[in-house]
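What follows is a short report on a single structure.
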Amino acid sequence: MNERRSRDSVTVFGFFTYLMTDFVLFAALFAVYAVMRSGTFGGPEPWQIFDARFALAETLILLASSFTAGLALLAARRNSQLGTLAALGATFLAGGAFIALEVSEFARLAGAGAGPSRSAFLSAFFTLVGTHGLHVALGLLWLLALGIALARRGLTEGNLRKLALFSLFWHFLDIVWIFIFTIVYLLGIV
Amino acid sequence: MSMHAFIFGELSWSVFPHNAINWGGVLFMFACTAALLAALTYYRRWGWLWREWLTSLDPKRIGVMYLAVALVMLVRGGVDALLMRAQQAASTGASQGILSANHFQQIFSAHGSIMIFFVAMGLMFGLINIALPLLLGSRDVAFPFLNSLSFWLFVAGAALVNCSLFLGDFSAAGWLSYPPLSELAYSPTVGVDYWIWALQIGGIGSLLSGVNFLTTIVKLRARGMRWMQMPMFAWCTMGSMSLVVFAFPILTVTLALLWLDRTLGMHFFTAGGGGNMMMYVNLIWAWGHPEVYILILPAFGVFSEVVAVFSGKKLAGYTSMVLSIWAIVFFSWLVWLHHFFTMGAGADVNAFFGIMTMIIAIPTGVKIFNWLFTMYRGRIRLVTPMLWFMGFVVLFTLGGVTGVVLAEPPADYQLHNSLFLVAHFHTMIVSGVLFGYFAGLTYWFPKISGFRLDESLGRKAFWCWLAGFILAFGPLYVLGLMGATRRLDHYPAGLGWQPLFALAGAGAALIALGFAFQVAQLLRSIRDRELLRAGGDPWEGRTLEWSVPSPAPSYSFAQLPVVSARDEFWARKQGVAVEPAALPAGLIELPRNSALGLAAGAAALAAGFGAVWHIWWLAALGLAGGCAVILLRAFDEDTETVLPAAALPPLPL
């Protein structure tokens, strides 16, 4: 019992350290975005292409998915496999909806001649937001695998640990998104 | 898109090399590989290789494989160095030397990239893998599979560099590929893409290793080992790995952005489109400066162990040593701009970074004094590891002084981009990093092999390296002061530089002789291994790795140690610390072998190769394969094997 708890703490520490490296990765991308923001090169300005309500919808959906991820963890603590799977299913749907919205925004911009190769500003925008989107997409893949493992083996020790790590990852992506929402969208519009 | 372009991307018959030197390298590489494969088949060693090495998750085995790859890459980078020295010794006046300008540029770019990423990093991770868990009194690293994955990503990166030798070309844009030169408009071939993906794949491996070793140090120390009882190598590695964790993501981003510029036509660093090429230089050095401390700190750790053991004394100034490590870690983030004072950031900015650069010399000086005080009144044994240390102290101090010269912005305006700079950083990296890891290799060799390295050939190797180094880089300082810029493939005869370049070339040849002695040393030691047989404690060691037999068994410690003193093993031998109140024998859990790390490395190589040549189906396949491997491993719950302690053979000590 003691052995297992100490192994869990090793895993969680390692995963936190990995998340810190991801934080630095995003910090670098934010710094790049801050430098590039004025590099519109005669192309569209931030306030011309961002839609605050659209970004708000994305934000609310992602926050909701974080909430359901939290519910999944609570259900797992209650030892309810069905509850866990249901909450994870909701998380998956919300995450999928978020990705769909983001893809549609990217397609709209690219269709309007505001693609990533138009200007340095747009390169930085697509890369920063796209990197977050890529993380969410990978998270969905993880979620799918986790759901299958849960359905097959139930709330085993290994699955519980993976669920806890997934929820850390998912909340982390939420935090990064809050920064994107504020720095890219809100500050881009005002 | 035609069918051919879909299947082969930009590969065509014209990608094979067009000059004799490249072909020579390719044939040599293939001949060595063929000889190795033939030997493995002849001696029926494939199964052994697969079970004992390629799929092993034992950090000691992984460490040895790191060292092997790093030494192979050292040959490659060393041949590059010899070619450069030959070119510059010959190419003046009417003579154009042996290399074309473009080939010369590829060679210096490859030399720098290989030496830093695949030699220095490889030696560092090799020694950390071998020594760190043993020093901490742990059986393993925190994440054994991740360790194997990191190693195979490192191998994939190294393999990608070597691919460029016979398929296409390598980057000709310098070891850090500054834009706009490295942008598609000015480097239209695949060279820069090879550089990007080799470093990206190897770099992700390093990042994961950083997470792994940092967690190992924080979480897996032996029971009772408090922070201030940790061996100095562990402290140094901890500082280095903290830097890895925070610096390598910046490299990942920088390389990715350059690739996006080149491949998707984005405008991060382009001259047009609103791009900002100086942002690249800032980003790459925000990683690059911490990187030099990443490399040097574990070497400082090796020296701290070596000097204490071979002086027969405890390390002087342990606390100040620890503080100086963390001072270096901190200040290494505040000096990156000294790599480009000439950017024109203004006198105030340059002054700040100049002063910070001088300040960071202080904690390094503290360490030098600590090692000297450790030797003071010690019973010094001048064996090879100690010789490497003595060579290091002299050269490193001199190199450090030239660094303080370069730290002054007005002087830097004159000296930047000159051979003075080249001589400076080679002094730091060769004498600091390389000598340090050579010392570590000699010091820990008995622990992994069971026998010592031959002393007399080791001495010959050391003296050749030392004299060769002074001969090769002394002239470069002088040439730099005379105005010779770096990366010259040709210079006018009237400048009178040729004799100095010739002298530098002779120095490089002497270094090559030193390396040949090292190879001979290894071969002779293997032949004479019965004579050189080492017991558990061949050096009168102070730390826990010497408390187990040599070679260390796969489980390292039959009983996990309990620590109560700083130099625990020494204290036990002196009777100061009690033999451990042994932990209950119990079962020894070890990770099962796994071929998935190797598979992930192969997938990464395929993805990287596909991205370089725009063979998108291959890139996608590689990525999908990588994801599949990770999922397979993550959901495999049967990853350990159990060894009953009672079944262990008696330990000969």
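A, B, ... follow the sequence lines: proteins, then strands. Residue 1 opens every chain. Heavy-atom basis, side chains included; hydrogens, waters and symmetry copies ignored. This structure is a prediction, so every number in the text was calculated from the model and none was measured.
Residue F23(A) places its CZ atom among more than 12 non-hydrogen atoms of other residues, nucleotides or ligands, all under 6.0 Å distant. More than 12 heavy atoms of other residues, nucleotides or ligands shown are found within 6.0 angstrom of CZ on R108(A). In W142(A), the CH2 atom is crowded: over 12 heavy atoms of neighbouring residues, nucleotides or ligands sit closer than 6.0 Å.
Comparing S38(A), G42(A), A145(A) by heavy-atom pairs within less than 4.5 Å of chain B, the highest count is held by A145(A).
Within the model, atoms OH of Y33(A) and CZ of F268(B) stand 11.5 Å from one another, a figure rounded to the nearest 0.5 Å. Taken to the nearest 0.5 Å, the OG1 atom of T21(A) stands 12.0 Å off from the CZ atom of F248(B). From L260(B), atom CG reaches atom OG1 of T127(A) across 5.0 Å, with rounding to the nearest 0.5 Å. Interatomic distance, CG of N212(B) versus OG1 of T17(A), reported as 10.0 Å (0.5 Å rounding). Here the CG-CZ distance, from L214(B) to F13(A), works out to 5.0 Å after rounding to the nearest 0.5 Å. Separation of atoms CZ (F143(B)) and CZ (F15(A)) is listed at 10.0 Å; rounding is to 0.5 Å.
S209(B) meets the side-chain contact (heavy atoms from CB on, under 4.5 Å) test with Y66(B), F125(B), S150(B), F213(B); sequence neighbours excluded.
Interface residue L631(B): only side-chain heavy atoms are found under 4.5 Å from chain A. Proximity to chain A (any heavy atom under 4.5 Å) is shown, for L208(B), by neither the backbone nor the side chain. Contact annotation for T131(A): neither backbone nor side-chain heavy atoms come within less than 4.5 Å of a heavy atom of chain B. In this structure, chain A has no heavy atom under 4.5 Å from any part of L146(B). Residue contact with chain A, scored on non-hydrogen atoms closer than 4.5 Å, involves the side chain of V218(B) exclusively. Contacts of D22(A) with chain B are absent, with no heavy-atom separation under 4.5 Å from either backbone or side chain.
Heavy atoms only, all atoms of each residue included: S117(A) and G265(B) are closest at CB-O, 3.0 Å. Closest approach of G275(B) to A120(A), counting heavy atoms only: N-CB, 3.8 Å.
Proximity of a side-chain donor or acceptor of K162(A) to a complementary backbone N or O of F635(B) within less than 3.5 Å is not detected. With hydrogens and angles ignored, the 3.5 Å screen pairs a side-chain donor or acceptor of S123(A) with a backbone N or O of H267(B).
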Exercise for the section: In sequence, state the C-alpha distance, the side-chain angles, and the governing distance for T11(A) and T215(B), and then conclude on side-chain contact (heavy atoms from CB on, under 4.5 Å). Expected result: CA-CA 9 Å; T11(A) 311; T215(B) 311; over 6 Å; no
Exercise for the section: Show the numbers, then the answer: is there a side-chain contact (heavy atoms from CB on, under 4.5 Å) between E589(B) and R7(A)? Expected result: CA-CA 12 Å; E589(B) 283 182 3; R7(A) 182 168 305 180; 3.0 Å; yes
